[in-house]
Number of protein chains: 2
Amino acid sequence: MIENEIFKALADPTRRAIFEKLASGSMNASALRDGMDISQPAMSQHLSVLRSARLVREERRGRFVNYEVDPDGLALIAGWLAKYRAYWPARIDALKALLKDMDQ
Amino acid sequence: MIENEIFKALADPTRRAIFEKLASGSMNASALRDGMDISQPAMSQHLSVLRSARLVREERRGRFVNYEVDPDGLALIAGWLAKYRAYWPARIDALKALLKDMDQ
DNA sequence: CCAACAGATAAGCACAAACTTATCTGATTC
DNA sequence: GAATCAGATAAGTTTGTGCTTATCTGTTGG
């Protein structure tokens, strides 16, 4: 059940921070670690969780592995959220802004 | 940090099942427990987690407490997701369907 | 070829979390 | 008022998870 993996992946602040770093572009594991106070194996573990959850994907370039956001995981969250559209009255401003963007 | 609570709340299959039951309407804790093989205190704990995450809200009616979906938590997920709109190319069919619904 | 580097994996530890049984608190009914 | 009911809370157990140090595997450069 991929949904469980996705929510679990995002339920950790360190992993969310990693994901947010990747939102601004592809990075290797060492670069991701800059400015974060975690060990190298911890980073490796977190990236493994994010990859399994399809929130990031990787591309090996020789000795380096570059990671980037994988849209698949985000699509799955959106799909899950879409099940509850009855609860989306005019109150959800964030999504309305998104709607506007996508219409352009 | 409410985001962490929300993702954690949804990272458990039992809690997601409870949430999905509530999506079809308000229910008390006992009714929620029907067809689920968990103890009464477990149900109470899960509802407490969902409430703290603002995914459900409650209303006491005498001896009964009715629970229902709280749109606030959903809105927060949508808000988080909206941060990654650059990753929403034409591939996200679930959201496009949602867009169509909300335009009506 | 070998040393250095990047990152994955193994193993261990401390704490968190999902479950339980037991108990408590508040509401309802007779 | 007492018994029953609904649900919260307490405490304990088991399992899972985020961290670490140690080690391994594969790539690069001299």
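Below, read A as the first sequence line, B as the second, and so on, with proteins coming before strands; counting in each chain starts at 1.
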Participant: Using atom CE of A/Met36 as one end and atom P of D/dT20 as the other, report the distance to the nearest whole Å.
Facilitator: 11 Å
Participant: The criterion is side chain to side chain contact (heavy atoms under 4.5 Å, CB included); which residues satisfy it with B/Ser48, sequence neighbours excluded?
Facilitator: B/Arg51
Participant: A/Arg54: what forms a side-chain hydrogen bond (donor to acceptor under 3.5 Å, both in side chains) with it, not counting sequence neighbours?
Facilitator: none
Participant: Name the orientation class of the two ring planes belonging to A/Trp80 and B/Phe19 (parallel below 30°, tilted from 30 to 60°, perpendicular beyond 60°).
Facilitator: parallel
Participant: If you look only at pairs with a residue in residues 23-41 of chain B, which of them pass as a side-chain hydrogen bond (donor to acceptor under 3.5 Å, both in side chains), with sequence neighbours excluded?
Facilitator: none
Participant: Does C/dG7 have OP1 or OP2 under 4.0 Å away from a side-chain N or O of A/Ser30?
Facilitator: yes
Participant: Expressed in angstrom and rounded to an integer, what is the separation of A/Leu32 atom CG from C/dA8 atom C1'?
Facilitator: 15 Å
Participant: Have a look at A/Leu55 and tell me which of A/Leu50, A/Val69, A/Asp70, A/Ile18 forms a side chain to side chain contact (heavy atoms under 4.5 Å, CB included) with it.
Facilitator: A/Leu50
Participant: Expressed as a whole number of angstroms, how long is the span from A/Leu47:CG to D/dC19:P?
Facilitator: 12 Å
Participant: Roughly, in whole Å, what's the span from CZ in A/Arg16 to P in D/dG18?
Facilitator: 12 Å
Participant: State whether the side chain of A/Arg15 and the backbone N or O of A/Leu10 hold a donor-acceptor pair below 3.5 Å, judged by distance alone.
Facilitator: no
Participant: Would you work out how much the helix from C/dC1-D/dG30 to C/dC30-D/dG1 bends between its ends, with each end axis defined by five base pairs, to 10 degrees?
Facilitator: 20°
Participant: With sequence neighbours left out, write down each residue that passes side-chain hydrogen bond (donor to acceptor under 3.5 Å, both in side chains) with A/Glu59, or none if nothing qualifies.
Facilitator: A/Arg61
Participant: If you compare all heavy atoms of B/Glu5 against all heavy atoms of B/Ala53, which two are closest, and at what distance to 0.1 Å?
Facilitator: O-CB, 3.7 Å
Participant: Specify the closest pair of heavy atoms between A/Lys21 and A/Ala31, including all atoms of both residues, with the distance to one decimal.
Facilitator: NZ-O, 4.0 Å
Participant: Roughly, in whole Å, what's the span from CG in B/Asn4 to C1' in C/dA17?
Facilitator: 13 Å
Participant: May I have the distance from B/Asn28 (atom CG) to D/dC5 (atom P), rounded to whole angstrom?
Facilitator: 15 Å
Participant: Using a cut-off of 4.0 Å between protein heavy atoms and nucleotide atoms, how would you tag nucleotides 18-30 of chain C 5' to 3' with B, S and -?
Facilitator: SBBBB----BB--
Participant: I need the CE-C1' distance between A/Met27 and C/dG7, as an integer number of Å.
Facilitator: 15 Å
Participant: How many Å lie between CD on B/Glu5 and P on C/dA17, as a whole number?
Facilitator: 10 Å
